[in-house]
Amino acid sequence: MLGMVQKLDQKLPVANEYLLLSGGVREGVVDIDLDELNVYARGTDYDMDFTLLVPALKLHDRNQPVTLDMRHSALCHSWLSLRLFDEGTISKWKDCCTIVDHINGATNYFFSPTKVADWFYDSISIVLSEIQKKPQRGMPKVEKVEKNGTIISIILGVGSSRMLYDIVPVVSFKGWPAVAQSWLMENHFWDGKITEEEVISGFYLVPACSYKGKKDNEWRLSFARSEVQLKKCISSSLMQAYQACKAIIIKLLSRPKAISPYHLRSMMLWACDRLPANYLAQEDYAAHFLLGLIDDLQHCLVNKMCPNYFIPQCNMLEHLSEETVMLHARKLSSVRSDPAEHLRTAIEHVKAANRLTLELQRRGSTTSIPSPQSDGGDPNQPDDRLAKKLQQLVTENPGKSISVFINPDDVTRPHFRIDDKFF
């Protein structure tokens with residue numbers, strides 16, 4: 001599909017690299033505000049969820065550190081002038097830019113996240129319409145395509161599984177932003193476990209603006225590639241506690257939208273820097289870690305302070321009202337007084353979603369045309385191989401960077417890369 005989008009108007013880079021993350025945007029895998037996202041429920045709407053970062057522009061030929069134009073933006077955000085790119089790129093993308101004329105007569109094109117998202121959604125809709133006119137055997141069924149703010153959410157029926165992809169148009173950079181340079185000077189929990197080169201291999205601009213920012217111009221810095229690497233250094237018991245805490249707060253603190261799972265992820269990384277490594281390595285301390293994460297979150301709410309892990313001078317809760325933070329702090333106090341009960345409730349929600357998935361699969365509600373390799377037979381026989389292969393890739397490679405390279409001239413042959421290995 002993305003190969004065909006590239007062929008529409010040659011806007012997307014020909015040789016592109018997409019970062020595939022396990023979990024949708026609603027799960028906090030990237031720092032994007034959830035206010036404009038429609039509510040999807042596991043079990044009711046989908047069975048597996050992924051986030052796919054798709055570079056609309058790449059700037060990979062510059063030495064670090066990368067200096068961005070942050071004069072008009074809040075911390076962690078930036079405008080992006082196409083002056084950094086060649087004339088061909090400006091010509092391709094100027095219809096997705098806001099134009100600023102200077103006193104000296106020069107024209108500056110600023111890459112617009114909202115216009116890029118509109119173009120991306122329109123292009124994907126055109127391509128999917130063409131694909132559905134000529135369905136091929138084994139092709140996933142498109143259950144839903146929706147634009148959620150600047151994200152395109154697609155639910156595909158693959159055999160008896162429904163896979164949610166949150167597709168995010170981004171700008172991809174090699175190197176490291178100058179604004180986060182001081183972070184590299186500090187001591188961190190991952191020192192000696194992975195190399196600095198692995199951590200600072202690149203970053204993104206994602207289509208999200210600050211609380212008072214200009215939506216048409218402002219992008220947010222994302223360190224999703226680095227976070228994949230850091231995840232390798234976090235103990236399994238702490239990750240269990242994080243998943244449990246996330247399951248609790250997603251339900252409890254969903255209204256009004258103030259705390260996202262990404263805030264919790266940032267707090268976990270800060271805890272890794274703050275606490276002794278031998279304590280965090282204790283395999284049977286998951287319950288202790290869960291209580292610690294709840295306490296950390298409570299502390300952040302009461303003080304209205306949650307620093308971005310990579311740019312600590314950026315407070316991600318600064319814009320919240322006193323009423324909102326105190327409302328959530330009171331809710332969290334009820335969790336802290338009886339965490340076991342709230343965890344049981346969260347687990348019951350997961351079990352109910354799984355039961356619903358199994359029931360829908362038994363009914364055969366989501367079926368696809370048999371693949372060319374299948375032996376024909378029952379036309380409604382589920383073909384789960386793509387879903388299972390993708391899930392297997394993610395589960396067998398925890399904490400690893402999974403990318404997909406696609407040649408737009410031959411979209412039948414995707415090539416997966418896990419860290420530095422291709423297959």
Side-chain angles (χ1 to χ4, degrees), residues 2 4-16 18 30-33 35-37 53-62 65-127 146-152 167-175 177-180 202-222 311 314 319 408:
L2 292 171
M4 291 176 71
V5 168
Q6 196 282 331
K7 283 188 167 183
L8 272 183
D9 50 16
Q10 284 76 49
K11 274 186 163 74
L12 290 182
V14 175
N16 216 353
Y18 313 121
V30 286
D31 183 16
I32 289 182
D33 304 316
D35 299 19
E36 295 183 345
L37 301 188
L53 303 188
V54 177
L57 284 176
K58 297 193 302 182
L59 202 62
H60 286 188
D61 58 350
R62 301 212 162 206
V66 179
T67 302
L68 296 167
D69 184 358
M70 297 181 163
R71 291 171 298 170
H72 314 284
S73 309
L75 274 167
C76 279
H77 298 81
S78 177
W79 291 22
L80 183 68
S81 170
L82 290 194
R83 283 181 185 171
L84 297 169
F85 300 87
D86 57 43
E87 286 298 323
T89 301
I90 294 172
S91 177
K92 278 182 198 174
W93 283 108
K94 62 183 176 183
D95 58 335
C96 290
C97 292
T98 56
I99 300 171
V100 177
D101 291 318
H102 290 279
I103 299 171
N104 61 9
T107 299
N108 203 348
Y109 293 95
F110 288 100
F111 206 41
S112 168
T114 52
K115 291 185 178 183
V116 170
D118 289 342
W119 163 82
F120 199 34
Y121 175 70
D122 291 343
S123 298
I124 285 175
S125 300
I126 291 168
V127 164
E146 286 188 338
K147 183 169 175 284
N148 288 293
T150 52
I151 296 161
I152 292 85
I167 304 179
V168 186
V170 300
V171 182
S172 175
F173 292 84
K174 280 281 188 284
V179 69
F203 67 99
Y204 298 100
L205 294 180
V206 296
C209 75
S210 60
Y211 180 62
K212 292 183 178 178
K214 192 172 180 181
K215 276 189 175 183
D216 287 344
N217 284 3
E218 199 169 80
W219 297 78
R220 180 174 296 163
L221 274 76
S222 168
I311 306 176
C314 171
H319 64 281

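Heads up: numbering here begins at 1 and tracks the sequence.
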> Under the side chain to side chain contact (heavy atoms under 4.5 Å, CB included) criterion, do Asp118 and Lys147 qualify, and how do the steps go?
Replying inline: CA-CA 8 Å; Asp118 289 342; Lys147 183 169 175 284; 3.0 Å; yes
> Which pair of heavy atoms, one from Met70 and one from His77, lies closest together, and at what distance?
Replying inline: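 Closest approach of Met70 to His77: CG-O, 3.4 Å.
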> Which heavy atom of Ala56 sits nearest a heavy atom of Pro13, and at what distance?
Replying inline: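 Distance-wise, the nearest heavy atoms are O-CD, 3.4 Å.
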Rounded to the nearest 0.5 Å, what separation is found between the [atom1] atom of [X] and the [atom2] atom of [Y]?
X      : Y      : atom1 : atom2 : answer
Thr98  : Asn217 : OG1   : CG    : 3.5 Å
Leu68  : Leu84  : CG    : CG    : 8.0 Å
Leu205 : Phe173 : CG    : CZ    : 4.5 Å
Asn16  : Leu57  : CG    : CG    : 10.0 Å
Ser125 : Ile152 : OG    : CD1   : 8.5 Å
Tyr109 : Leu82  : OH    : CG    : 9.5 Å

Could you check whether any side-chain heavy atom of [X] comes within less than 4.5 Å of a side-chain heavy atom of [Y], counting everything from C-beta outward?
X      : Y      : answer
Leu2   : Phe120 : yes
Ser222 : Phe203 : no
Ile99  : Thr107 : yes

>> Below 30° counts as parallel, above 60° as perpendicular, anything between as tilted: where do the rings of Phe110 and His72 land?
In response: perpendicular
> Under 4.0 Å between a Lys/Arg side-chain N and an Asp/Glu carboxylate O for Asp95 and Lys115?
Replying inline: no
Would a distance-only check, ignoring hydrogens and angles, find a side-chain to backbone donor-acceptor pair under 3.5 Å from [X] to [Y]?
X      : Y      : answer
Ser78  : Trp219 : no
Thr150 : Pro207 : yes
Lys7   : Asp9   : no
Lys212 : His319 : no
Arg220 : Cys209 : yes

Qualifying residues under salt bridge (Lys or Arg N to Asp or Glu O under 4.0 Å), relative to [X], sequence neighbours excluded:
X      : answer
Lys94  : none
Asp122 : none
Asp216 : none

> Do Ser123 and Trp119 have side-chain atoms, one donor and one acceptor, less than 3.5 Å apart?
Replying inline: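 The criterion, which ignores hydrogens and geometry beyond distance, is satisfied for Trp119 and Ser123.
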>> Suppose we call two aromatic rings close when their centres sit under 6.0 Å apart. Are Trp93 and Phe85 close by that rule?
In response: no
> Would Asp31 and Val206 count as a side chain to side chain contact (heavy atoms under 4.5 Å, CB included) if you check the C-alpha gap in whole Å, the side-chain angles of each, and the deciding distance to 0.1 Å?
Replying inline: CA-CA 8 Å; Asp31 183 16; Val206 296; 5.9 Å; no
